[in-house]
Amino acid sequence: MSRLAVSILAIGALVLSGVVFADDGNFNASRTFEFDPDHTGCPSARWSKRSGEEDSNCKTKFGLVLEKNCETATFASAGAVLNNIKGAQVQCGPTFGYDIKDGSTCEAGSPRFNVSYTTPANTSGFSFVGGCANGTKVSLGNGWARVTFDPCSASQAFPVIPAGSTITSVVLIVDDQGSYTLDNIQVNGVYADKPGSAGALPSCSQ
């Protein structure tokens, strides 16, 4: 089964399970999921204390740990739903991204954003933004790298999302075999670094 088919089925299962994409306030990435219709037990998704980068108080806080402990071909995935993002406009530039811990798996297909949207011409669209190996990756010098994606770039979004499109839903997902530790999940300059509302990029000031 193709990656697109797997992604659409995973998103469909989330919608049917009662996920609501509200249009008020900043987004959050609190809702993790494990899509495992064949009950393999191989996908895992969780926010884990002391797995992330230092926060503004210079304390190590939450990180998002995603795993797929089986072959890529296995029909399974893990990730996080970005709630409260419906209605946001797609902006060109490095406006999607995350920090990834050194040593994590970094694939062309994972981690990526599955983005559903309505174009300025009022047609529905669906695009992959990412994954990690397709992004602009910059080492932060603290054991982490920042990976960003331009949804208007043909090398980082498949297909390209027309500027000014309105977001319907966003899911951060991994469906390639591996282990991924993420933090500071970003959309349009707003960052989720823990369960709960997103905000400004945390900065440790010693």
Side-chain angles (χ1 to χ4, degrees), residues 3-4 6-15 17 19-22 26-36 43-48 51-53 62-68 72 76-86 88 90-91 94-101 104-117 125-137 144-151 156-158 161 167-199 201:
R3 176 169 285 148
L4 176 59
V6 171
S7 298
I8 291 173
L9 284 172
I11 292 173
L14 289 167
V15 172
S17 68
V19 175
V20 177
F21 299 96
N26 291 331
F27 79 91
N28 69 72
S30 304
R31 171 68 185 271
T32 60
F33 69 88
E34 295 154 2
F35 180 69
D36 190 19
S44 174
R46 66 193 185 281
W47 281 99
S48 175
S51 294
E53 296 172 85
F62 283 95
L64 178 62
V65 181
L66 304 176
E67 298 176 337
K68 183 175 179 179
T72 297
S77 62
V81 176
L82 274 56
N83 285 324
N84 294 338
I85 201 166
K86 182 178 181 180
V90 173
Q91 300 175 15
T95 53
F96 283 77
Y98 45 74
D99 294 353
I100 189 166
K101 191 172 184 178
S104 295
T105 309
C106 181
E107 298 286 348
S110 301
R112 70 176 184 277
F113 297 91
N114 286 353
V115 185
S116 297
Y117 52 91
F126 177 87
S127 296
F128 298 143
V129 179
C132 178
N134 296 319
T136 302
K137 190 175 184 180
W144 292 75
R146 182 155 296 149
V147 185
T148 56
F149 308 99
D150 181 351
Q156 297 184 339
F158 314 92
I161 303 178
I167 292 174
T168 304
S169 66
V170 179
V171 176
L172 177 62
I173 188 171
V174 300
D175 54 12
D176 292 296
Q177 182 176 14
S179 178
Y180 312 78
T181 301
L182 308 177
D183 204 347
N184 296 332
I185 299 161
Q186 185 234 158
V187 178
N188 291 349
V190 180
Y191 297 81
D193 68 329
K194 61 183 180 301
S197 297
L201 177 65

With sequence neighbours excluded, residues passing side chain to side chain contact (heavy atoms under 4.5 Å, CB included) with Ala78: Pro43, Ala45, Val174
With Thr32, the side chain to side chain contact (heavy atoms under 4.5 Å, CB included) member among Leu66, Leu64, Val81: Leu64
Interatomic spacing from CD1 in Ile100 to CH2 in Trp144 - rounded to 0.5 Å: 8.5 Å
Verdict with supporting geometry, Val129 and Gln156, side-chain contact (heavy atoms from CB on, under 4.5 Å): CA-CA 6 Å; Val129 179; Gln156 297 184 339; 5.8 Å; no
Glu67 side chain vs Ser44 backbone, donor-acceptor pair below 3.5 Å: no
Test side-chain contact (heavy atoms from CB on, under 4.5 Å) applied to Thr105 and Gln177, step by step: CA-CA 8 Å; Thr105 309; Gln177 182 176 14; over 6 Å; no
Residues in side chain to side chain contact (heavy atoms under 4.5 Å, CB included) contact with Lys194, at least two apart in sequence or another chain: Phe62
Pairwise distance CG(Asn188) to CZ(Phe27) - rounded to 0.5 angstrom: 8.5 Å
Separation between CZ of Arg31 and CG of Leu82, rounded to the nearest 0.5 Å: 13.0 Å
Non-hydrogen atoms of Phe126 and Ser116 that approach each other most closely: CD1-OG, 3.4 Å
Whether Tyr98 side chain and Leu172 backbone form a donor-acceptor pair below 3.5 Å: no
Minimum heavy-atom distance Asn28-Gly196, with the two atoms named: CB-O, 2.9 Å
Verdict with supporting geometry, Asn114 and Phe128, side-chain contact (heavy atoms from CB on, under 4.5 Å): CA-CA 5 Å; Asn114 286 353; Phe128 298 143; 3.1 Å; yes
Nearest-0.5 Å distance that lies between atom CD in Glu53 and atom CG in Leu201: 8.0 Å
Set of residues satisfying ring pair (Phe, Tyr, Trp, His ring centres under 6.0 Å) with respect to Tyr180, sequence neighbours excluded: none
Lys101/Asp183 ion pair, N-O < 4.0 Å: no
Check: Thr181 main-chain N/O paired with Ser104 side-chain donor or acceptor under 3.5 Å: yes
Least distance between heavy atoms, Ser48 atom then Val65 atom: CB-CG2, 4.0 Å
Check: Asn26 side chain, Ser197 main-chain N or O, donor-acceptor pair, under 3.5 Å: no
Atom pair CD (Glu34) and OG (Ser77), whose distance is rounded to the nearest 0.5 Å: 9.5 Å
Any Val115 side-chain heavy atom under 4.5 Å of Pro151 side chain: no
Where Cys106 and Ala133 come nearest, the two heavy atoms and their spacing: SG-N, 3.6 Å
Atom of Ala198, atom of Val190 and distance for their closest heavy-atom approach: CB-CG1, 3.4 Å
Contacts of type ring pair (Phe, Tyr, Trp, His ring centres under 6.0 Å), residue Phe96, not counting sequence neighbours: Phe113
Closest approach of Gly135 to Val147 (non-hydrogen atoms, all atoms of both residues): CA-CG1, 3.9 Å
Approximate separation, where rounding is to 0.5 Å, of Thr95 OG1 and Ile161 CD1: 8.5 Å
Donor-acceptor pair, side chain of Lys68 and main chain of Ala76, under 3.5 angstrom: yes
Residue list, side chain to side chain contact (heavy atoms under 4.5 Å, CB included) with Thr148, at least two apart or on another chain: Pro94, Thr136, Arg146, Gln186
Ala29 backbone acceptor or donor facing Trp47 side chain under 3.5 Å: yes
Contacts of Asn134 that satisfy side chain to side chain contact (heavy atoms under 4.5 Å, CB included) - sequence neighbours left out: Ala108, Phe158
Test item: Val171 and Phe33 side chains (from C-beta on) under 4.5 Å apart, heavy atoms: yes
